[in-house]
There are 2 protein chains.
Amino acid sequence: MKTLSIKDIAVKAGVSITTVSFIINGKAKEKSISEAVIKKVEEIIKESGYKPNQIARSLRTGNSNIIGLIIEDISNSFFSRIARLIEDKAYKKGYKIIYSSTENNVEKAKELINMFKSRKVDGYIISPTKGIEDDIKVLLADNKPVILFDRNLSELETHYVGADHFKASYQSIESFIKKGKKKIALVTTDIDVEQIIERFEGYKQALVDHNVDFNDGLVLKIHFNQDESETIAQMKSLFLAQDIDAVLFATNYLAISGLKALKQLDKQIGDNFSVIAYDDHEVFELHTPSISAVQQPLEEIAETVIQLILSQLSSKTKLENQKVIIPAKLIER
Amino acid sequence: MKTLSIKDIAVKAGVSITTVSFIINGKAKEKSISEAVIKKVEEIIKESGYKPNQIARSLRTGNSNIIGLIIEDISNSFFSRIARLIEDKAYKKGYKIIYSSTENNVEKAKELINMFKSRKVDGYIISPTKGIEDDIKVLLADNKPVILFDRNLSELETHYVGADHFKASYQSIESFIKKGKKKIALVTTDIDVEQIIERFEGYKQALVDHNVDFNDGLVLKIHFNQDESETIAQMKSLFLAQDIDAVLFATNYLAISGLKALKQLDKQIGDNFSVIAYDDHEVFELHTPSISAVQQPLEEIAETVIQLILSQLSSKTKLENQKVIIPAKLIER
DNA sequence: TTGAGATAGTAAAACGTTTTATGAAGAAAC
DNA sequence: GTTTCTTCATAAAACGTTTTACTATCTCAA
């Protein structure tokens with residue numbers, strides 16, 4: 001069963017390919033095609049079930065109605081939820097999303113950008129890894145819209161949307177201090193991206209501002225791609241070695257590993273030991289006791305990202321760069 | 001900065017476009033291009049950073065090296081984990097994945113298939129919704145590989161990979177009965193797809209085989225797209241009205257809502273009240289007490305799916321349909 | 001009666017590849 | 001010295017669209 005082409009429609013309708021094309025693209029009026037012809041062609045299209053070949057269309061027009069979404073890991077619930085929201089909203093505007101995970105690996109990220117580029121996506125939404133700056137600059141030089149989210153790369157002149165990581169982290173620590181906590185640990189990762197650094201800075205600043213000494217020994221940096229069992233072991237020794245009374249986990253998966261570690265140690269979370277997780281997760285609400293968490297405004301992030309990329313796509317000129325920082329919310333449980 | 005085309009390379013190398021194309025596609029030997037020319041062209045390609053335009057390539061060859069993955073909801077951890085695994089494995093074989101969520105909505109699923117079709121994806125991996133049969137038949141008639149997973153549509157003559165839902169459900173109920181449970185509830189959804197039905201059948205059959213009366217009042221069917229608050233309310237009234245001593249949740253998100261309901265009721269999970277969730281989730285391991293769950297073999301499902309689709313893609317003839325049923329594992333916690 | 005707009009439509013180029021068919025030059029065979 | 005292979009390479013068609021530039025006919029005013 002050969003698939004239909006615009007030519008088949010033209011022949012069937014007894015008009016030229018051009019005419020059919022105008023009608024398909026809603027330019028019939030503008031190009032003064034008669035009502036009668038429009039009606040006839042539309043009918044034939046409908047009953048034959050003809051769908052334009054998007055590949056050919058992309059080749060000719062140079063755009064694809066596809067937005068590339070590059071994230072760290074689709075199986076992380078933060079990203080999968082954002083992806084779902086973005087997909088939804090884009091879909092309503094006639095754009096499709098194609099997404100892929102970088103696993104925080106620069107090489108893979110570069111390959112993905114190349115793949116998207118050679119597939120002529122119209123725009124890019126990226127939660128970038130370090131080291132990808134030059135590749136993104138090439139995209140920008142090529143006049144492609146790029147929206148960064150979750151983590152900024154400040155050297156790049158483009159749009160960014162993310163939560164106020166510094167402040168959320170600051171407030172978390174402040175809430176510990178107000179509860180009288182003195183030895184507050186931070187468990188974070190060793191990946192060198194802006195949002196992680198900001199969470200760290202927020203932690204430090206809050207301590208300084210409240211006259212609590214910053215102690216390097218209370219900060220545990222977990223290696224990004226390591227086995228969970230090793231992560232748990234490292235956390236256990238942190239929790240055992242120091243008489244910590246509070247801990248902030250800088251990502252949700254670290255918090256989950258942390259809860260496992262605490263469970264293994266039989267260490268109770270409660271008045272003597274407080275925990276806050278960065279990025280909320282269903283686990284935290286259901287956990288006994290429930291766990292406080294920094295809830296990122298997923299809906300607003302997704303909405304802003306989409307709105308920025310769509311307006312950039314529909315504008316002929318480069319819009320002024322927006323850096324949108326959205327407050328995150330500390331959910332105390 | 002104009003992007004390079006094969007023509008630019010040809011000009012720069014002083015050879016024809018054809019020659020460059022042969023070299024790019026590894027047909028240089030076969031077409032007897034001299035070593036000298038090959039070397040020269042390859043060098044120019046490398047230093048200029050030329051990448052073939054995949055759109056043009058797809059238009060000409062009719063395939064895209066893209067596999068379309070259609071799932072119910074990317075923000076559901078079962079699907080996002082499968083997606084990640086599939087993406088990974090496909091990537092290694094030179095295929096890209098583009099995925100989209102149906103939200104279990106037939107209309108959206110149809111649109112997605114159309115979109116993928118007009119983008120000429122090479123093959124389809126689908127966790128189907130009911131009502132999509134005819135659209136899939138069209139794909140099959142068009143000789144496109146289609147692999148169904150998670151839920152089968154038995155009327156379709158194509159490959160399927162999924163867990164043994166009937167047996168897993170049966171064993172779950174059996175384990176309840178062995179513990180002496182008498183009033184065993186099932187909380188499931190009202191969507192009419194095979195894997196949900198099988199879980200229900202497994203539940204019924206296990207009861208019958210062990211001489212426990214099947215009682216319709218112990219089965220709660222939750223409407224698919226309803227608000228969680230309503231779901232929780234319905235569960236609460238089930239748990240209150242009947243002196244249930246065990247419950248099997250047919251999906252992980254239902255189990256999570258169920259745990260919330262139990263928490264609100266202050267009902268303890270333990271010797272007097274057992275719970276099993278279908279589809280494991282981090283929540284269940286961490287929960288106090290931890291929750292038993294049916295763990296689907298994600299890795300094997302992904303591996304089998306990819307292996308089937310790749311062999312179908314590389315085979316000229318239609319391979320015999322495979323229906324691969326992989327055992328699921330009951331993790332007792 | 002002319003000519004200036006409208007009106008209704010089309011032919012053909014272009015997008016960047018792959019692939020088929022063809023050919024030129026030299027070597028080998030007769 | 002013609003024929004026949006090899007070897008090395010290319011021209012041009014094709015994929016299915018969009019878009020530019022063009023033509024032909026009609027209408028209406030002067």
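Note on naming: letters A, B, ... go to the chains in the order of the sequence lines (proteins, then strands), and numbering restarts at 1 for each one.
Residue B/I17 is classed as a base contact, given a heavy-atom separation below 4.0 Å to a base. Base contact: B/T19 has a heavy atom under 4.0 Å from a base atom. Among the protein residues, A/S32 comes within range of the nucleic acid bases, having at least one heavy atom under 4.0 Å from a base atom. Nucleic acid contact for A/S21: base, since at least one base atom lies under 4.0 Å from a heavy atom of the residue. Using a 4.0 Å heavy-atom cutoff across all strands shown, B/K27 reaches sugar-phosphate atoms only and no base atom.
The NZ atom of A/K7 sits 12 Å away from the P atom of C/dA11 (whole-angstrom rounding). We find that CD1 of A/I33 is positioned 18 Å from P of C/dA6, with the value rounded to whole Å. Protein atom NZ of A/K29 is 14 Å distant from nucleotide atom C1' of C/dT7, rounded to whole Å. For the pair A/K117 NZ and C/dG16 C1', the computed distance is 17 Å after rounding to whole Å. Following rounding to the nearest Å, A/K120 (NZ) and C/dC15 (P) show an atom-to-atom distance of 12 Å. Per the geometry, CD belonging to A/E35 stands 13 Å off P belonging to C/dT7, to the nearest Å. Rounded to whole angstrom, the span from the CD atom of B/E30 across to the P atom of C/dT20 amounts to 10 Å. Per the geometry, CZ belonging to A/R119 stands 17 Å off P belonging to C/dG16, to the nearest Å.
Using the six-membered ring where Trp is involved, B/F116 and B/Y124 have ring planes that are tilted, between 30° and 60° apart. Between A/F149 and A/F79, the ring planes are perpendicular. Angles over 60° get that label, and only those under 30° would be called parallel.
Applying the 4.0 Å criterion to OP1 and OP2 of D/dC15, one finds that A/N53 has every side-chain N and O outside that range. Taking 4.0 angstrom as the limit, B/Y50 places none of its side-chain polar atoms (N or O) nearer than this to OP1 or OP2 of C/dG16. Under 4.0 angstrom from either OP1 or OP2 of C/dG9 there lies at least one side-chain N or O belonging to A/S34. Of the side-chain N and O atoms in A/K31, none sit less than 4.0 angstrom from OP1 or OP2 of D/dT20. Close to C/dG9, at under 4.0 Å from its OP1 or OP2, lies no side-chain N or O of A/S16.
Relative to the side chain of B/F22, the nucleotides C/dT17, C/dT19, D/dC8 differ in distance, and C/dT19 lies closest. Listed nucleotides C/dT18, D/dG16, D/dT18 differ in distance to B/R57; the shortest reach to its side chain belongs to C/dT18.
For B/K39, the NZ atom is loosely surrounded, since the number of other residues' heavy atoms within 6.0 Å does not exceed 12.
Salt-bridge annotation for A/E72 and A/R151: present, with a side-chain N of the basic residue lying under 4.0 Å from a carboxylate O of the acidic one. A salt bridge does not link B/K12 with B/E47: none of the charged nitrogens is closer than 4.0 Å to a carboxylate oxygen.
If you check distances only, the side chain of B/R60 never reaches the base of C/dT17 with a donor-acceptor pair under 3.5 Å. Evaluation of atom-type donor-acceptor distances gives a pair under 3.5 Å for the side chain of A/T18 against the base of C/dA11.
In this structure, B/E111 contributes its side chain and B/V106 its backbone to no donor-acceptor pair below 3.5 Å.
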